[in-house]
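Chain naming here is simple, since letters A, B, ... match the order of the sequence lines and numbering starts at 1 in each.
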Protein chains: 2
Amino acid sequence: MDAPAPIAAANPCSACAIRNRAICADLDENEIAILNTLGRQRLLQPGEQLLWEGEEAVLVANVIAGVLKLFTQTSDGKEQILGLAYPSDFIGRPFGETTPYGVEALSEAHVCVFRRSDFDRFAREHPRLEHKLLERTLAELDRTRRWMLMLGRMNAEQRVANFLLETADRLARDGCGTAVGVQSAAFTLPLSRQQVADVLGLTIETVSRQLTRLKAGGIIALPARREVIISDRARLENLIA
Amino acid sequence: MDAPAPIAAANPCSACAIRNRAICADLDENEIAILNTLGRQRLLQPGEQLLWEGEEAVLVANVIAGVLKLFTQTSDGKEQILGLAYPSDFIGRPFGETTPYGVEALSEAHVCVFRRSDFDRFAREHPRLEHKLLERTLAELDRTRRWMLMLGRMNAEQRVANFLLETADRLARDGCGTAVGVQSAAFTLPLSRQQVADVLGLTIETVSRQLTRLKAGGIIALPARREVIISDRARLENLIA
DNA sequence: CGGGACTTTGATCCTTATCAACTTATGTGG
DNA sequence: CCACATAAGTTGATAAGGATCAAAGTCCCG
């Protein structure tokens, strides 16, 4: 811990866990101080919704801790998860009229919330921040497009394999997982089976069956409902390649 | 026409058909002059490829005329179209190492090409340009996410209906289509049946059958292979809603 | 007018959705 | 601490939507 408590209290950004990874990373002390007056922290409970699809876009936020889902649904109520937001990710729709998707916490989550109007103004005045946001948005667009290939052209087995590999990587990067050697990894899924299905465009039964098959094949182990161990990464990767 | 020919010859941007809609819209005369020295126009034939997935990202471009597809494929060769680029759209991956998808002209197409390194530098020095690019990228991300709902959760009929409505709107906005009253529209598809299938994550046969059904139902007419008339927009919209 | 590409139509198969029952966790109050 | 209630997940049987394979039809261009 490099920030003593008093300073942290005066300027929460200084003590922010994601200070160096979020879009605020490039800002100097002055800028951080201003941004600090605009944002406020909020704690979300699992299942609590932060943004509603179609509503006026009043809020944007940075994820400090926890995992959230971005989602939408068809007119007949089938849900599709459009993205997962992990610590340091940015959520909401800057420079837009309406929020194009719902956002809901999957775990207990800390977010740093800004009124969109405040954020937009600050961003336009601070090109370095806008640049960070641009890089993030471009990266998110790339990720989303890879996801499209999965939804459009992969079968159930490939989708599940893909999902496990991507989730393992993402959690490992955030230090939430436990690396167990090169060819194996254990992690806790931030999603229920239904939510995995909503990510992959499948049904809960199909997801369950595919996981059972992978377990039976010795490729993964499932010590508990949300625990996954990739015991044969090479073989898992082979299902996609 | 507000730019006389000689000036146009000296500075093609001044005469550029998309000057006021592309990301260059907010630049002043000086900036345009600089950008003009960095870009060069290129004419692409239908089927000609501009960018290759996985290659080093050397180029970015603005579409001046025509339609291009962004695409990727699975290891076993099934293609998924990830986006369509129309006039004034930006293509390529600024601020990135590798191009994350292939880009190929669907029609004869004019593009204004920049070396990525030049473009990146220029963009970083001109926040108004970066802002435009950010707005475009955010809009593209929204569009891509709506597309995900279609790929993940809609059946073949809904996908085709959705596609026809979106294509009609997009072409109308670009003035490429012909509005025929409020409840009806005619346009020329910029895509073959196979390419429509690659957009929708379906097979060519399924697309063909769905179009035939819509025609039989009197919802659309298909006067020629690539000609579509939406004769009952309300009913087409009802298939999705 | 003929050849090739593109498209449509038909028959069949296969994957995944759907419906239903059962099992396993999770948690609560007696 | 255990019995019970509830939610989450698994497994099974069946059905349906779309893929695949095959063939015929249509358009376009030289």
Side-chain angles (χ1 to χ4, degrees), chain A residues 45-47 69 73-74 76-80 106-108 150-164 188-217 220-228 239, chain B residues 45-47 69 73-74 76-80 106-108 149-164 188-217 220-228 239-240:
Chain A
Q45 292 308 311
K69 68 172 181 181
Q73 42 199 118
T74 57
D76 50 328
K78 279 179 287 188
E79 181 169 325
Q80 176 66 47
L106 296 175
S107 61
E108 194 174 77
M150 193 205 66
L151 292 176
R153 293 302 190 198
M154 287 187 179
N155 63 28
E157 183 180 60
Q158 291 173 314
R159 291 186 203 200
V160 171
N162 212 38
F163 171 77
L164 292 175
T188 302
L189 277 179
L191 306 165
S192 70
R193 292 286 185 274
Q194 180 60 60
Q195 286 160 348
V196 174
D198 292 339
V199 165
L200 301 180
L202 299 170
T203 59
I204 183 174
E205 294 95 331
T206 300
V207 171
S208 178
R209 280 186 247 269
Q210 292 300 331
L211 287 173
T212 304
R213 277 193 60 195
L214 291 175
K215 187 171 73 171
I220 62 169
L222 302 167
R225 287 191 162 177
R226 293 198 175 203
E227 300 301 319
V228 179
L239 296 177
Chain B
Q45 292 308 310
K69 67 173 182 181
Q73 42 201 117
T74 57
D76 50 330
K78 279 179 286 189
E79 182 169 324
Q80 176 66 48
L106 296 175
S107 61
E108 194 174 78
L149 175 65
M150 192 204 68
L151 291 176
R153 293 302 189 197
M154 287 186 178
N155 64 25
E157 183 181 61
Q158 292 173 313
R159 292 187 203 201
V160 171
N162 212 38
F163 171 76
L164 291 175
T188 303
L189 276 178
L191 306 165
S192 70
R193 291 287 183 276
Q194 180 60 60
Q195 286 160 348
V196 174
D198 292 339
V199 165
L200 300 179
L202 299 170
T203 59
I204 184 174
E205 294 96 331
T206 299
V207 171
S208 178
R209 279 187 249 268
Q210 292 300 331
L211 287 173
T212 303
R213 277 194 59 195
L214 292 175
K215 187 172 72 172
I220 62 169
L222 302 168
R225 284 188 165 176
R226 294 200 176 199
E227 299 301 319
V228 179
L239 295 177
I240 303 163

message: Could you go through Phe163(B) and Leu191(B), starting from their C-alpha distance and side-chain angles, then the distance that decides it, and tell me whether this counts as side chain to side chain contact (heavy atoms under 4.5 Å, CB included)?
response: CA-CA 11 Å; Phe163(B) 171 76; Leu191(B) 306 165; 3.4 Å; yes
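- Under the salt bridge (Lys or Arg N to Asp or Glu O under 4.0 Å) criterion, the residue pairs touching residues 193-203 of chain B are Arg153(A)-Asp198(B), with sequence neighbours excluded.
- If Ala224(A) and Ala156(A) are placed on DNA chain C by their nearest nucleotide, the residue sitting closer to the 5' end is Ala156(A).
- As a whole-Å value, the separation of Leu222(A) CG from dG9(D) P is 12 Å.
- Terminal axes of the helix from dC1(C)-dG30(D) to dG30(C)-dC1(D) (five pairs each, C1' rotation axis) are separated by 40°, to the nearest 10°.
- Distance Arg159(B) CZ to dG17(D) P: 14 Å, rounded to the nearest Å.
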Show which side-chain atoms of residues 203-214 of chain B pair as donor or acceptor with protein atoms under 3.5 Å away, not counting sequence neighbours.
residue	atom	partner	partner atom	Å
Thr203(B)	OG1	Thr206(B)	N	3.4
Thr203(B)	OG1	Thr206(B)	OG1	3.1
Thr212(B)	OG1	Ser208(B)	O	2.8
Arg213(B)	NH2	Glu157(B)	OE2	3.4

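- Here the straight-line distance linking atom CD of Gln73(B) with atom CD of Gln80(B) works out to 11.0 Å at 0.5 Å rounding.
- Note: Glu79(A) CD to Leu149(B) CG = 10.0 Å, rounded to the nearest 0.5 Å.
- Between Leu106(B) and Pro46(B), the closest heavy-atom pair is O-CB, 3.7 Å.
- The side chain to side chain contact (heavy atoms under 4.5 Å, CB included) check on Ser192(A) picks up Gln194(A), Gln195(A), Arg226(A), with sequence neighbours excluded.
- Using a 4.0 Å cutoff to heavy atoms of chain B, the contacted part of DNA chain C runs 5' to 3' from dC6(C) to dA11(C).
- Of the residues in residues 189-202 of chain A, those placing a heavy atom less than 4.0 Å from an atom of DNA chain C are Gly201(A), Leu202(A), in numerical order.
- Taking Lys215(A) as the reference, nothing meets the salt bridge (charged side-chain N to carboxylate O under 4.0 Å, His left out) condition, with sequence neighbours excluded.
- Considering every non-hydrogen atom in both Gly152(B) and Leu151(A), the closest pair reads CA-CD2, 4.2 Å.
- The CG-P distance, from Asn155(A) to dG18(D), rounds to 17 Å in whole Å.
- Legend: residues meeting side-chain hydrogen bond (donor to acceptor under 3.5 Å, both in side chains) with Gln158(A), ordered by chain and number and at least two apart, are absent.
- Close to dG18(D), at under 4.0 Å from its OP1 or OP2, lies no side-chain N or O of Thr206(B).
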What protein N or O atoms touch nucleotides 12-14 of chain D N or O atoms at under 3.5 angstrom, if any, and at what distances?
residue	atom	partner	partner atom	Å
dG12(D)	N7	Arg209(A)	NH1	2.8
dG12(D)	O6	Arg209(A)	NH2	3.3
dA13(D)	N6	Arg209(A)	NH2	3.4

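- A distance of 9.0 Å separates CG of Asn155(A) from CG of Leu239(A), quoted to the nearest 0.5 Å.
- Applying the side-chain hydrogen bond (donor to acceptor under 3.5 Å, both in side chains) test to Glu227(B) and every residue at least two apart in sequence or in another chain returns Thr188(B).
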Interface polar pairs with nucleotides 24-26 of chain D, N/O, under 3.5 angstrom:
residue	atom	partner	partner atom	Å
dT26(D)	O2	Arg225(B)	NH2	2.7

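- The OG1 atom of Thr74(A) sits 13.0 Å away from atom CE of Met150(B), with the distance rounded to the nearest 0.5 Å.
- OP1 or OP2 of dT11(D) lies within a sub-4.0 Å distance of a side-chain N or O belonging to Thr212(A).
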